[in-house]
Structures are given as structure tokens and as C-alpha cells.
Amino acid sequence: MIFNMPGFESIFPGQADMNDTILRHDWRIEEIEALLDLPFNDLLFRAQTLHRAHFDPNQVQVSSLLSIKTGACSEDCGYCSQSAKYNTDVEPERLLPVGEVIEAASAAKAKGASRFCMGAAWRNPTDKNLERVIEMVEAVHGMGMETCITLGMLTEAQAQRLSEAGLDYYNHNLDTSPEFYGEVITTRTFEDRLDTLAHVRNAGINVCSGGILGMGESRRDRARMLQELANLPRHPESVPINMLVPVEGTPLYDAEGIDHLEFIRTIAVARLLMPESYVRLSAGRAEMSDEAQALCFLAGANSIFYGERLLTTDNPETDADRQLFNRLGLTMEASVESMVKAAKGSCRKSA
Ligand code: SAM
Ligand code: DTB
Ligand code: SF4
């Protein structure tokens, strides 16, 4: 019984039982830095133990991603291939027709994805564009998949409209610490991002928010970003942790990057601060070894982007991911919609 184990109190201070975790929103930066400083084995043990108290450790939530409007974006995010300010290889494309989105979503569903995420290279959507995206959301929802979109900043009314349309998740990342933020983006503020997250939360849509590691930030910046996420009034239901995909032509192409063990540590701390959130091992998997990914899952990551493409860059091949899942004994989590459908089916059978 691990609760009687020598040293338990030092690894889980003040915690008698793993099942009674209190969701905290008052994390101090020193506490988070102390977690990041733990010996690697202690940190991973602690993160995995807490993870098991809240999730099936062998199940991973799987989302597929599609860029529904690509490039020519007015923002200057220093990591992004889609900013009009930088000279990258990305070919701008207008908003896709609904038919193409349905095709991509059904292919993703056939491969086992339970959620379909649609991304648009906008600073914010116009009301007219929002209605076109809502058509897509309704179509994907009708296929029995969970829906997620990321369109930039939203007004309160737009978030409300999306909620009425039945959107499941809105992705809007804090990206980095408030202190490092100005080194990465100048065309909108950290506060703007918090405002959009508040609109999404108040509209009753699930929040998906995380950031990017490996942009030349310090460990303190990583701790500050996690602190901002964990100290939101409610933890985001989904926390994507991206490793920078360096894109030629962007200012961050030559950024220092991040050691993979440090990346894994940050995932473990995200798990410890937000025990009930899905932590998504997001961009950057194509550059990671299977072993590094396995350690991310051990650290408490339990969601991935699945499919050969992210938005404009490559993700691992689906066959490679399936093999990795087999080797690790991981299974893909079914969508809430498909579980409801299955339950309805078995009720009908037994009636
Ligand atoms: N335009 C919208 C916005 O910025 O909110 C939505 C799309 S944007 C591409 C979504 C997120 O993808 C960004 O906030 C960032 O965290 C992540 N991202 C973009 N380019 C990336 C890259 N090269 N490497 C890692 N993550 C990246
Ligand atoms: C998130 O946190 N990561 C995804 C999704 N949200 C929209 C995007 C990753 C983009 C990686 C670079 C690209 O493919 O352009
Ligand atoms: Fe535009 Fe989003 Fe890329 Fe920033 S991250 S440049 S807002 S597409």
C-alpha cells in the first residue's frame, strides 16, 4: 500500500488519500518551481500516481486536426508559419467548403479519432465567418464526434453563439508566461487571451488552453505559464503542451529549443497542478523518440493529436502511432457521443 510507504509524506505532502485531491487555484510560483526541481524519478512517480487516481492510465484521448483556413494571418506570433508578416512556405487558402471538412472528419473518425479540431488563421472571426464555421461544427457533431475549434479571439456574444450551436471545446492557448509573452507576440496581449478564455468559460464551452515550450523561455517562464493556467477560476478541461515546431522564415526558427527531459518534467507538473484535466502531448511529437513520448504518457499526458498533419506541419504517421500504442498497451478513448450512443443501444436491446 503506497500510502504507508516510507517517504510518502514527503512526496505527497498533506495528502492522506490520492482520491481526495483538492483542485487548487492558488499555486505559488515557488511551489511550482520546487516541483520542477524534484529528482526526475520522484516527479514522475508522483505525477503518475496522481494521474491514476483520476484517469485510466492506459487510455489516451485522440483528436484529429484540420486547418480550415490557412495562412495570411494579420498577427505576428513569432512561432507561426501562418503569419502574413513572415516569409514561409505556407500557401494561403480560403475557408474550406463544409463538404471538405466532413470528408476529413469522417476519415479521422474511421481511424479512431473521437474529437475533430478545426483551426483558422484569424486574429478573430467575423460574425459571418463564425456562421460558416458553425455549419462545420454542426456537421461534425452530427457524425458523432466531439468538436473543437480555434479561431483566435472571441467576443462574449460569439462565445455564446458557439455554445448555443453545441460546440464542445474552444482552443485558445496562453502560449507562454506573461513575462516572456512580449518576446513572442506583439499584436495582441496576454490579457486579450485571458478575456477570450473567460468568454468561453462563461458561455459554458469546455476550455482547451495550454502553450508552447522550446521558444527560448526559461524554466521560470514555464512555471509561470502553468501557474496562470492552474490558477484560472476553473482548470481548462484540456491542456495542450506543444513543443515548438521550428518553421523556416519565422523569428523563432533558431530558438534554443528544449531538452526532452525538461519537456517531460513540464508535462508532469501540468498533471500535478491540474489533476482532472486532459494534458495533451501536442505539436512536436514527430521530432520525439518513442521513448520520450512513452515518458510523457508516464508523466501524465493522456491526449494526442492523431493524423499525419497538424495545421501546416507534419505529425507522426497514424500507423506509427498505432504501433506505439500497441507497444505501450495504450488504447484510444471513445468519444462521449459514441459512449452515449452505445448505452442507448444496449438500453433498447434490454427493453
Ligand atoms: N489563429 C488562432 C490563434 O492563434 O488563436 C488559432 C490557430 S493557432 C495556429 C493555435 C495554436 O497553435 C497557437 O496558439 C500555438 O500555441 C500553436 N502553434 C502554432 N504554431 C506552432 C508551432 N510552430 N509549434 C508549436 N505550436 C504551434
Ligand atoms: C494546439 O495547442 N496545438 C495545435 C492546436 N492547438 C490548434 C496546433 C499546433 C500547430 C503546429 C504547427 C503547425 O502545424 O502549423
Ligand atoms: Fe495567426 Fe494564430 Fe498563427 Fe498567431 S498563431 S499568426 S493568430 S494563425
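First listed ligand is number 1; within each ligand, the first listed atom is number 1.
When non-hydrogen atoms are compared, ligand 2 lies under 4.0 Å from the side chain of Asn171 (C-beta onward) but not from its backbone. Of all the heavy atoms of Leu65, the ones lying under 4.0 Å from any atom of ligand 2 belong exclusively to the side chain.
Ligand 2 lies within reach of Ser81, whose nearest heavy atom is under 4.0 Å from it. Judged by the shortest distance from any of its heavy atoms, Tyr79 lies outside the 4.0 Å radius around the atoms of ligand 2. Ligand 2 is never approached by Val245 to a heavy-atom distance shorter than 4.0 Å.
Taking atom 3 (N) of ligand 2 as the reference point, the nearest protein heavy-atom neighbour is Asn242 OD1, 3.0 Å. If you check which protein heavy atom lies closest to atom 4 (C) of ligand 2, you get Phe305 CE1, 3.6 Å. Counting protein heavy atoms only, atom 8 (C) of ligand 2 is closest to Leu311 CD1, 3.8 Å.
Residues Thr176 and Asp221 bring no donor and acceptor atom of their side chains to less than 3.5 Å of each other. Using a 3.5 Å distance cut-off with no hydrogens or angles, the side chains of Asp321 and Thr318 do not pair a donor with an acceptor. A donor-acceptor pair shorter than 3.5 Å can be found between the side chains of Gln48 and Arg52. Residues Gln158 and Arg161 have side chains that never bring a donor and an acceptor to within less than 3.5 angstrom of each other. Side-chain atoms of Asn242 and Tyr79 form no donor-acceptor pair, as typed in the model, at a separation below 3.5 Å. Between the side chains of Arg188 and Tyr181, no donor-acceptor pair is found at a separation under 3.5 Å.
Among protein residues, Tyr79, Ala120, Trp122, Thr150, Gly152, His172, Asn173, Asp175, Arg188, Ile212, Asn242, Met243, Leu244, Val245, Ala283, Leu311 come within 4.0 Å of ligand 1, judged on heavy atoms.
The CG atom of Leu154 sits 7.0 Å away from atom CD1 of Ile149, with the distance rounded to the nearest 0.5 Å.
Cys296 approaches Ile264 most closely through the heavy-atom pair SG-CG1, 3.8 Å.
Using a 4.0 Å cut-off to heavy atoms of Thr312, the atoms of ligand 2 that qualify are 13 (C), 14 (O), 15 (O). Taking a cut-off of under 4.0 Å to the non-hydrogen atoms of Tyr79, the atoms of ligand 3 that pass are 5 (S). Close contacts between ligand 2 and Asn173 involve ligand atoms 1 (C), 2 (O) [criterion: under 4.0 Å to a heavy atom]. Set against the non-hydrogen atoms of Thr150, the atoms of ligand 2 under 4.0 Å away are 7 (C).
For the pair Glu262 and Arg222, the salt-bridge criterion is met [side-chain N within less than 4.0 Å of a carboxylate O]. Under the 4.0 Å criterion applied to side-chain N and carboxylate O atoms, Glu228 and Arg193 are not assigned as salt-bridge partners.
Around the CD atom of Glu156, the shell of radius 6.0 Å holds no more than 12 heavy atoms that belong to other residues, nucleotides or ligands.
Here the rule is salt bridge (Lys or Arg N to Asp or Glu O under 4.0 Å) with Arg115, and of Glu146, Glu237, Glu333 only Glu146 fits it.
Proximity annotation for atom 2 (Fe) of ligand 3: of Lys69, Arg188, His172, Arg188 comes nearest, heavy atoms only.
Protein N/O/S atoms closer than 2.8 Å to atom 1 (Fe) of ligand 3, listed by chain and residue number, are Cys73 SG.
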